[in-house]
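Within every chain, numbering begins at 1; the chains are lettered A, B, ... in the order of the sequence lines, protein sequences first and strands thereafter.
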Number of protein chains: 2
Amino acid sequence: MKVITTIQALTAEIQAAKQAHKTIGLVPTMGYLHEGHLTLAQTARAENDLVVMSIFVNPTQFGPNEDFESYPRDLPRDIALAESVGVDLIFAPSVEEMYPQDGGIRIHAGEQAMILCGASRPGHFDGVLQVVAKLFHLTLPTRAYFGQKDAQQVAIITTMVRDFNFPLEMRVVPIVREEDGLAKSSRNIYLSESEREEAPAIHEALQLAQDSFLATGEVGYALAKAKAHIQARTHGRIDYIELLAYPDLIPVTETTQQVLLAAAVYIGQTRLIDNSIFTLKEGL
Amino acid sequence: MKVITTIQALTAEIQAAKQAHKTIGLVPTMGYLHEGHLTLAQTARAENDLVVMSIFVNPTQFGPNEDFESYPRDLPRDIALAESVGVDLIFAPSVEEMYPQDGGIRIHAGEQAMILCGASRPGHFDGVLQVVAKLFHLTLPTRAYFGQKDAQQVAIITTMVRDFNFPLEMRVVPIVREEDGLAKSSRNIYLSESEREEAPAIHEALQLAQDSFLATGEVGYALAKAKAHIQARTHGRIDYIELLAYPDLIPVTETTQQVLLAAAVYIGQTRLIDNSIFTLKEGL
């Protein structure tokens with residue numbers, strides 16, 4: 001495995017791979033790798049000739065009061081983990097390498113970014129789109145790998161790829177779950193024993209809502225069922241449960257083909273997110 | 001020469017060219033081709049295996065009170081002219097083909113777009129960046145060809161290519177001039193005989209300012225010289241004469257490497273633009 005830090009060295013590697021007609025899988029990360037990242041890398045490994053993982057804590061997606069400086073970093077550990085799952089190339093640039101100058105041009109996410117988790121993070125998804133567009137241009141991936149856990153991020157990047165004709169395939173890797181259905185998260189360790197027993201109700205509620213919506217096409221009824229389930233089975237507080245057209249994140253209509261059902265719930269002090277993305281049969 | 005109108009057909013052509021390791025030259029146009037466009041195409045022809053010309057009147061770069069509907073279109077004539085200079089592929093999509101849906105994501109030009117010609121066209125350069133980014137992703141050019149005559153457009157696109165790491169070379173093709181130095185323009189036919197005799201003073205003034213700036217490094221003095229020349233030699237009204245760092249279009253500093261000297265002058269009722277882009281010797 002190679003670890004490179006400059007755009008010049010990365011470009012040489014990518015050009016050589018393209019020249020040899022290799023497929024390229026890109027796994028963009030901010031490092032401090034966990035099981036979710038490794039699942040993305042393993043999926044990329046199975047599907048591509050060259051697997052590139054970027055490790056870059058992107059300052060432009062952090063708000064002024066967010067934790068850019070204190071965001072955890074451990075490159076030696078990340079390198080060992082990436083190598084263990086077959087990554088070929090780590091691209092770990094400095095901030096100066098990625099942003100040597102600023103001509104003031106920005107990509108702005110639209111109303112997609114103002115709802116769900118984006119409501120409390122103005123500008124966050126603009127920064128995500130900026131760094132992802134740069135990484136796409138630098139690594140020229142055949143396929144790019146993102147975790148479905150961050151469904152709003154995936155939806156907004158998918159929209160950019162679609163509307164700006166990026167020549168790549170978005171690969172959205174399913175949520176990894178515990179045996180009882182709880183979505184894996186580094187935050188799950190904060191749950192008390194009784195909270196941990198309640199937490200699978202979020203996934204159950206999303207399943208109930210999905211089944212209900214597929215059977216009836218009624219958004220309000222499906223969401224009410226999910227909310228009732230969470231209220232009955234947990235002491236948690238619902239931040240949001242939404243059912244929206246995917247990837248546009250607008251209300252579902254007769255022409256909607258894919259749906260995102262997403263929830264954020266506080267179980268005790270711990271905010272957990274989960275979601276389901278599913279396809280509608282024709283003629284809903 | 002092939003004329004195609006769908007993204008699907010274009011992608012097949014581009015993939016075949018890439019598979020064969022061909023270099024690709026892109027000439028983006030809004031059609032109604034004139035000598036300037038043909039010079040771009042001829043330059044692309046000399047430097048690339050495959051020459052792609054896009055012909056698309058892009059609605060997103062027209063303001064609400066501008067002439068999108070009445071903008072001149074003549075595809076049969078354009079096809080004949082493009083073929084005469086060796087274009088391989090014309091991509092002439094419909095608006096629906098280019099913008100089938102809108103997820104609301106936009107590229108916004110920064111302060112670069114608020115000066116010079118951009119001051120009177122809010123949003124114009126955002127639309128230019130949107131369509132150019134899409135065309136770059138669709139045609140994957142080795143080199144993209146733009147005319148230096150539209151210097152602000154070239155500066156802003158060059159900045160996007162630089163700051164978002166588009167994997168291509170920007171080729172800025174010099175201004176074509178009449179024998180007396182007047183920049184060629186389809187607007188020159190509006191000049192009366194006496195106005196036509198005055199018009200070369202714009203290019204002369206830019207040359208005087210360039211020489212002065214290279215000799216002294218004094219922006220204000222260089223611009224004053226240019227203004228005095230235009231005032232002495234024409235009855236025209238100066239819209240702007242500016243000397244800025246290129247491509248960022250900010251005031252020149254000790255680290256500036258390239259300079260744009262640009263003018264817009266009304267000669268009678270006709271607004272003429274001209275410019276010079278030049279490199280500074282080290283240690284100005």
Contact leader toward chain B among [options], where contacts are heavy-atom pairs under 4.5 Å:
options	answer
A:P100, A:A109, A:G110, A:A133	A:G110
A:V131, A:I105, A:D126	A:I105
A:A113, A:P247, A:G103	A:G103
A:D163, A:T11, A:L140	A:D163
A:H108, A:M98, A:K18, A:Q130	A:H108

Short side-chain donor-acceptor distance under 3.5 Å, B:N48 and B:Y145: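 Yes, a side-chain donor-acceptor pair sits under 3.5 Å.
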Tell me yes or no: between the side chains of A:T5 and A:E97, is some donor less than 3.5 Å from an acceptor? no
[X] portion near chain A, given a 4.5 angstrom heavy-atom threshold:
X	answer
B:L249	neither
B:I250	neither
B:Q112	side chain
B:L129	side chain

Within a 6.0 Å radius of atom CD on A:E111, are there more than 12 heavy atoms belonging to other residues, nucleotides or ligands? no
Check whether B:T256 reaches the backbone of B:A245 with its side chain - one donor and one acceptor, N or O, closer than 3.5 Å. no
Are the side chain of A:R143 and the backbone N or O of A:E47 linked by a donor-acceptor pair below 3.5 Å?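 Flag set: sc A:R143 to bb A:E47 pair under 3.5 Å.
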Which label fits B:H21 and A:H21: parallel for a plane angle under 30°, tilted from 30 to 60°, or perpendicular past 60°?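 Ring orientation, 0 to 90° scale: tilted.
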Do the side chains of A:R162 and A:D248 get close enough for a salt bridge, i.e. N-O under 4.0 angstrom?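 A salt bridge links A:R162 with A:D248.
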